[in-house]
There are 2 protein chains.
Amino acid sequence: MKSDKISEAVVRRLPVYLRFLNDLQKREIATVSSQELGQRLDLNPAQIRKDLAYFGDFGRKGIGYDVPYLIEKIRHILKLDQQINVVLVGAGNLGQALSNYNIYLKDTMKITAVFDSYPPKIGTKINTLTVQPMEELASTVREQGIRIGIITVPEQEAQKVADILIGAGIEAILNFAPVILKTPPEIRVHAADFTTDLQSLAYYLHEGKDEEEHGY
Amino acid sequence: MKSDKISEAVVRRLPVYLRFLNDLQKREIATVSSQELGQRLDLNPAQIRKDLAYFGDFGRKGIGYDVPYLIEKIRHILKLDQQINVVLVGAGNLGQALSNYNIYLKDTMKITAVFDSYPPKIGTKINTLTVQPMEELASTVREQGIRIGIITVPEQEAQKVADILIGAGIEAILNFAPVILKTPPEIRVHAADFTTDLQSLAYYLHEGKDEEEHGY
DNA sequence: TAGATTGTTAATCGATTAACAATC
DNA sequence: TAGATTGTTAATCGATTAACAATC
């Protein structure tokens with residue numbers, strides 16, 4: 001199958017495939033079938049084959065997928081074969097924690113600048129990065145060719161920061177603040193709000209002692 | 001409409017509704033229509049009405065939804081009208097950052113215990129909580145009636161921690177480690193992996209200078 | 001009453017899964 | 001050749017959206 005508009009569900013699975021494939025490679029496993037992948041990732045094998053087939057014929061009938069080759073292909077699809085620079089705004093606890101993931105993101109993606117508006121924070125170091133004032137954001141984004149922004153500021157400031165990021169020419173935003181950002185349609189925004197996640201988890205708890213089934 | 005099995009998509013939207021309703025309440029707005037909600041949350045009004053109607057008739061025709069009443073109802077559906085205690089495992093940067101969200105979670109949900117396996121961490125304080133050794137996990141979970149676990153340990157340890165949490169009787173897990181956990185079907189697991197999020201965002205970047213359209 | 005807005009049914013759209021011919 | 005596994009079409013399933021009678 002050739003390209004159509006690819007659904008977000010498919011795109012969100014690609015990094016999961018990639019992660020597991022990297023693991024296989026580390027274990028020097030050369031080949032993997034959609035069945036094995038599906039078993040490990042708890043997905044339907046047909047779905048995995050279909051997902052991959054959107055982008056090309058990466059497998060071999062009767063054999064499966066060559067692990068290093070598929071890694072290369074998925075990295076290319078996700079644009080992880082070029083370096084993607086990322087800016088982080090909000091040098092609080094969460095921001096600092098995420099900065100440490102630079103090691104995880106390896107060479108492909110990298111937080112290369114950190115900003116905050118709170119004067120005492122400015123000039124402090126987070127690992128190798130120095131926290132910069134917001135005024136420098138636009139020029140730094142331009143100079144470093146930064147394309148993705150991470151927002152880890154309090155909810156009251158999130159929209160303002162998003163506007164600044166967009167004004168600076170960022171193309172996508174990962175938003176950790178618990179607000180729905182108003183953004184133009186060409187900007188991709190993913191919500192990464194941990195409180196929302198937790199609250200929806202609570203739904204699945206068994207009924208508490210003092211509670212009845214609410215099947216009314 | 002009365003209850004059926006509610007889809008996960010619906011459940012994930014409920015906290016988003018709740019968040020905005022709380023905001024309306026703070027601004028002393030008494031009533032809201034599905035249209036206004038939809039506009040603000042970037043959702044189809046019919047979808048919002050349908051979502052809510054799964055759980056009961058909460059609105060009034062011609063009027064809309066009473067804000068405090070709907071808040072109460074959604075809180076009940078999500079079980080946020082009882083206190084839900086949460087345990088966090090992994091007192092690294094990310095774990096510490098999340099602990100600070102206790103203020104956000106308000107009275108309804110609360111991280112009430114923090115664990116780590118790294119001896120120098122044990123006994124240190126994160127806000128009001130003292131980091132405990134893993135050996136105490138099961139008994140603390142029991143004593144405090146903890147029902148949800150958050151995993152913020154490195155990927156190599158995540159599965160082991162999940163097993164311990166499940167053994168201790170936890171009902172749901174929010175997993176920040178970049179691995180697919182193997183868990184029994186009655187345990188609800190949400191992945192909250194920030195690297196996966198970032199990688200799928202990269203897909204939506206415009207083509208880089210040195211890259212062609214990959215429409216093959 | 002006229003206008004607004006719900007709850008719900010029916011229509012549409014999209015995503016997942018099953019099945020199988022092609023082929024390694 | 002026999003067995004395995006892909007890529008893809010067709011069938012199924014589920015979720016979103018439109019439309020509208022009921023009613024505040």
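Chain naming here is simple, since letters A, B, ... match the order of the sequence lines and numbering starts at 1 in each. Just so it is clear, the values below take in all heavy atoms, side chains as well, and ignore hydrogens, waters and symmetry mates.
For the pair A:Ala46 and A:Glu8, both in contact range of DNA chain C, the more 5′-proximal nearest nucleotide belongs to A:Glu8.
The residue B:Arg60 sits close only to the backbone: its heavy atoms come under 4.0 Å of sugar-phosphate atoms, none of a base.
No donor-acceptor pair closer than 3.5 Å links the side chain of B:Glu155 to the backbone N or O of B:Ala177. Distance alone, capped at 3.5 Å, is enough to place a donor-acceptor pair between the A:Thr152 side chain and the A:Val89 backbone. In terms of modelled atom types and a separation under 3.5 Å, the side chain of B:Arg147 and the main chain of B:Glu171 share no donor-acceptor contact. In this structure a side-chain-to-backbone donor-acceptor pair under 3.5 Å is missing from B:Asn127 to B:Leu129. No side-chain donor-acceptor contact under 3.5 Å links A:Lys73 to the backbone of A:Phe58.
Stretches of at least 3 consecutive Watson-Crick or G-U wobble pairs, with each checked distance under 3.5 Å, appear in DNA chain C as C:3-24 with D:3-24.
The neighbour count for B:Asp23 CG, taken as heavy atoms of other residues, nucleotides or ligands under 6.0 Å away, is above 12. By the 6.0 Å contact criterion, CD on B:Gln35 is open, its count of non-hydrogen atoms from other residues, nucleotides or ligands being 12 or less.
Between the P atom of C:dT9 and the CD atom of B:Gln47 lies a distance of 18 Å, rounded to the nearest Å. Note: CD1 (A:Ile6) to P (C:dT16) measures 12 Å, nearest angstrom. The nearest whole Å value for the distance from the CG atom in A:Leu52 to the P atom in C:dA15 is 16 Å. We find that CD1 of A:Ile48 is positioned 13 Å from C1' of D:dT5, with the value rounded to whole Å. Rounding to whole angstrom units, OH of residue A:Tyr54 and P of D:dG7 are separated by 14 Å. As rounded to whole Å, 13 Å separates atom P of C:dC20 from atom CZ of A:Arg49. In this structure, A:Asp57 places its CG atom 12 Å from C1' of C:dA22, rounding to the nearest Å. Put simply, CG on B:Leu70 is 15 Å from P on C:dT5, counting in whole angstrom units.
Considering only the side chain of B:Lys50, D:dT16 comes nearest among D:dG7, D:dA19, D:dT16. Of the candidate nucleotides C:dA18, C:dG7, C:dC24, C:dC24 has the atom lying nearest to any side-chain atom of A:Ile63. Residue A:Lys61 has its side chain nearest to D:dG7 when only D:dC24, D:dG7, C:dT16 are considered. The A:Ser7 side chain lies nearest to C:dA15 when the options are D:dT17, C:dG7, C:dA15.
Using cut-offs of 30° and 60° on the angle between ring planes, the pair B:Phe176 and A:Phe194 is tilted.
Look at A:Arg40 and A:Glu36 and you find no salt bridge, because none of the NZ, NE, NH1 or NH2 atoms lies under 4.0 Å from a carboxylate O.
OP1 or OP2 of D:dG7 has at least one side-chain nitrogen or oxygen of A:Tyr65 nearer than 4.0 Å. Contact annotation: B:Arg13 side-chain N/O to D:dT16 OP1/OP2 distance is under 4.0 Å.
Applying the side-chain hydrogen bond (donor to acceptor under 3.5 Å, both in side chains) test to residues at least two apart or on different chains, the pairs with a partner in residues 157-168 of chain B are B:Gln159-B:Asp163.
Near DNA chain C, meaning a heavy atom under 4.0 Å away, the residues from residues 33-44 of chain B are B:Ser33, B:Ser34.
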